[in-house]
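Encoded as structure tokens, the structure appears first; notes follow it.
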Amino acid sequence: MKAREVNFDGLVGLTHHYAGLSFGNEASTKHRFQISNPRLAAKQGLLKMKALADAGFPQAVIPPQERPNVGVLRQLGFTGTDEQVVEKAGTQMPQLLSAASSASSMWVANAATVAPSADTLDGKVHLTVANLNNKFHRASEAGTTEQVLRAIFRDESRFSVHTALPQVAMFGDEGAANHNRLGGDYGEPGLQLFIYGRDEGAGRAPARYPARQTLAASQAVARLNQVNPGQLIFAQQNPLVIDQGVFHNDVIAVSNRQVLFCHEQAFVDQPALLQSLRDRVPGFMPIVVPTGAVPVQDAVATYLFNSQLLSRDDGSMMLVLPQESQNHPGVWRYLSQLVAEDNPISELRVFDLRESMANGGGPACLRLRVVLTTEEQRAVNPAVMMNDTLFNTLNDWVDRYYRDRLTQADLIDPLLLREGREALDALTRILQLGSVYPFQQ
Ligand SMILES: NCCC[C@H](NC(=O)CCC(=O)O)C(=O)O
């Protein structure tokens with residue numbers, strides 16, 4: 001069956017700020033309390049979407065969530081009107097207001113894990129929402145993520161959206177950032193490679209930073225998504241690289257069709273994993289970057305693996321990279337050699353995503369890959385597909401509602417709550433989503 005990969009990018013929300021909320025994500029820690037620019041952040045993301053759509057890659061958009069999240073603050077005992085809840089939290093516990101205001105839902109690689117219909121037992125496309133259990137500011141994304149995905153993938157005869165796993169550490173799940181799919185044409189059955197950071201009660205685990213994804217979670221997601229058991233493989237990420245800031249697997253590896261582009265230290269027992277992929281994926285082509293060429297610290301600082309590897313119709317591939325990887329002489333030297341060598345990667349495309357990068361989110365974090373057949377693509381809510389009109393509409397919308405400067409202290413401003421709700425109300429009309437936000441219920 002003919003199928004293509006559609007990239008769904010998260011649109012940055014109005015409260016994008018730097019709060020240092022993600023222990024183990026070194027960019028988040030390093031940029032804590034710096035001044036953010038939500039308007040620029042949203043526009044940088046839109047420019048990437050537009051450029052890729054213009055280059056012929058199907059592109060769609062996922063809206064931001066309602067922030068501050070008044071509901072979660074009420075759950076923590078703050079009372080009164082919505083404005084009073086925000087004001088009390090901001091005065092008494094600014095870090096809680098910060099967490100309840102994070103625009104972290106922009107990183108939709110962590111929204112869900114997707115199984116294309118060619119891989120599933122019932123022939124539907126499955127999406128399991130990620131619980132993001134490891135971080136308080138991200139765990140509250142799951143409810144609205146589910147609403148939003150249901151509003152985009154409405155047709156229940158083709159799509160099956162699953163509620164997130166139970167919210168406990170044992171089932172910590174970070175979505176597609178710890179999932180790869182290898183194979184031939186997109187429409188052919190592929191091999192799904194689930195990567196976990198720890199197996200509770202067994203094996204090795206990182207010592208310094210948390211391993212967010214568990215094996216038990218990956219197994220449950222594979223079951224929910226009805227992945228054909230013959231097309232599954234589970235592997236552990238190297239705990240030593242988690243301790244160096246590789247908090248998701250997509251910071252150290254990216255795959256597309258038959259290609260796996262990864263660092264030599266990415267996985268536990270990497271030679272054995274690559275051998276089993278060679279045995280199971282026809283034409284499997286690993287591109288393994290040695291530590292001598294790019295040390296793990298440079299990979300973390302430049303996000304060269306947090307890239308999008310996109311296929312053109314002629315089989316060649318384009319690597320979509322953040323500006324930081326071009327600014328680093330050693331990494332750029334390696335990448336320039338890579339495109340010159342004999343492999344499918346024939347072009348490097350660089351984007352300025354500085355606002356997202358400063359919180360640890362590169363090109364790959366900002367997108368959820370959804371392989372769809374032509375019929376399935378027709379069944380997606382058409383209003384979320386990126387094109388010239390939507391690009392212009394969303395840019396105008398950003399100009400109208402977004403601030404160009406935000407700090408933690410600004411989050412207490414009751415106007416921000418109001419602006420956010422007005423903006424999202426308008427956005428649900430633009431994207432024809434219906435009522436997906438708590439304030440609309
Ligand atoms: N896939 C990229 C995810 C980045 C995200 N950063 C954050 O949430 C940082 C937010 C802050 O610190 O303000 C995370 O670590 O999950």
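Both counts, for ligands and for their atoms, begin at 1 and track the order of listing.
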Inset, instruction - List every atom of ligand 1 that sits less than 4.0 Å from any heavy atom of His17, numbering the atoms from 1 in the order shown and giving each element. - result: 13 (O)
Inset, instruction - Measure the distances from the heavy atoms of Gly20 to every atom of ligand 1 and state whether one is below 4.0 angstrom. - result: yes
Legend entry - Residue pair Gln408 / Tyr18, side-chain donor-acceptor N/O under 3.5 Å: no
Legend entry - Identity and separation of the nearest protein heavy atom to atom 14 (C) of ligand 1: Ser22 OG, 3.4 Å
Inset, instruction - Ignoring angles and geometry beyond distance, decide whether Trp107 reaches within less than 3.5 Å of ligand 1 through its nitrogen or oxygen atoms. - result: no
Inset, instruction - Just go through Asn359, Leu366, Asn134 and tell me whose heavy atom is the nearest to atom 9 (C) of ligand 1. - result: Asn359
Inset, instruction - Verify side-chain hydrogen bond (donor to acceptor under 3.5 Å, both in side chains) between Tyr437 and Gln147, making sure each step is shown before the conclusion. - result: CA-CA 8 Å; Tyr437 297 115; Gln147 298 285 326; over 6 Å; no
Inset, instruction - Run through His179, Glu174, Gln213 and flag the one making a side-chain hydrogen bond (donor to acceptor under 3.5 Å, both in side chains) with Ser218. - result: Gln213
Inset, instruction - Please could you name the atoms of ligand 1 that His137 approaches to less than 4.0 Å, counting only its heavy atoms? - result: 7 (C), 8 (O), 10 (C)
Legend entry - Within-cut-off N or O pair, Ser28 and ligand 1, under 3.5 Å: yes
Inset, instruction - Report yes if Arg212 has an N/O atom closer than 3.5 Å to an N/O atom of ligand 1; otherwise report no. - result: yes
Legend entry - Per-residue contact class, Leu21 against ligand 1 - non-hydrogen pairs under 4.0 Å: both
Inset, instruction - Determine whether the side chain, the backbone, both or neither of Arg138 has a heavy atom under 4.0 Å from any heavy atom of ligand 1. - result: side chain
Inset, instruction - Hey, could you give me the CZ/CG distance between Arg4 and Asn7, rounded to the nearest 0.5 Å? - result: 10.5 Å
Inset, instruction - Give the atoms of ligand 1, by number and element, whose distance to some non-hydrogen atom of His248 is under 4.0 Å. - result: 1 (N)
Inset, instruction - Please work out whether any backbone atom (N, CA, C, O) or any side-chain heavy atom from C-beta onward of Asn110 is under 4.0 Å from ligand 1, and answer side chain, backbone, both or neither. - result: side chain
Inset, instruction - Among all protein heavy atoms, pick the one closest to atom 13 (O) of ligand 1 and tell me residue, atom and distance. - result: Ala19 N, 3.0 Å
Legend entry - Cation-aromatic face contact Lys48/Phe351, 6.0 Å, 45 degrees: no
Legend entry - Ligand-residue contact atoms, ligand 1 with Asn25, heavy atoms, under 4.0 Å: 4 (C), 5 (C), 6 (N), 14 (C), 15 (O)
Inset, instruction - Report yes or no: does Ala177 have a heavy atom closer than 4.0 Å to ligand 1? - result: no
Legend entry - Check against side chain to side chain contact (heavy atoms under 4.5 Å, CB included), Ser276 and Ile233: CA-CA 9 Å; Ser276 62; Ile233 184 160; 3.6 Å; yes
Inset, instruction - Quick one: look up the protein heavy atom nearest atom 2 (C) of ligand 1 and list residue, atom name and how far away it is. - result: Cys365 SG, 3.0 Å
Inset, instruction - Assess the pair Phe234 and Tyr196: is the distance between their ring centroids shorter than 6.0 Å? - result: no
Legend entry - Main-chain N/O of Ile345 paired to Asn343 side chain as donor or acceptor, under 3.5 Å: yes
Legend entry - Stacked cation flag Arg367 on Phe8, 6.0 angstrom / 45 deg: no
Inset, instruction - Start with the C-alpha gap between Arg204 and Asp199, add the side-chain angles, then the distance that decides, and say whether salt bridge (Lys or Arg N to Asp or Glu O under 4.0 Å) holds. - result: CA-CA 8 Å; Arg204 292 194 289 147; Asp199 176 8; over 6 Å; no
Legend entry - Donor-acceptor contact below 3.5 Å, side chain Arg39 vs main chain Tyr402: yes
Legend entry - Heavy-atom neighbours of Met385 CE exceed 12 at 6.0 Å: yes
Legend entry - Part of Lys30 with heavy atoms under 4.0 Å of ligand 1, whether side chain, backbone, both or neither: neither
Legend entry - Nitrogen or oxygen of Gly361 less than 3.5 angstrom from that of ligand 1: no
Inset, instruction - Using a strict 4.0 Å cut-off to heavy atoms of Gly360, name the atoms of ligand 1 that fall inside it. - result: 2 (C), 4 (C)
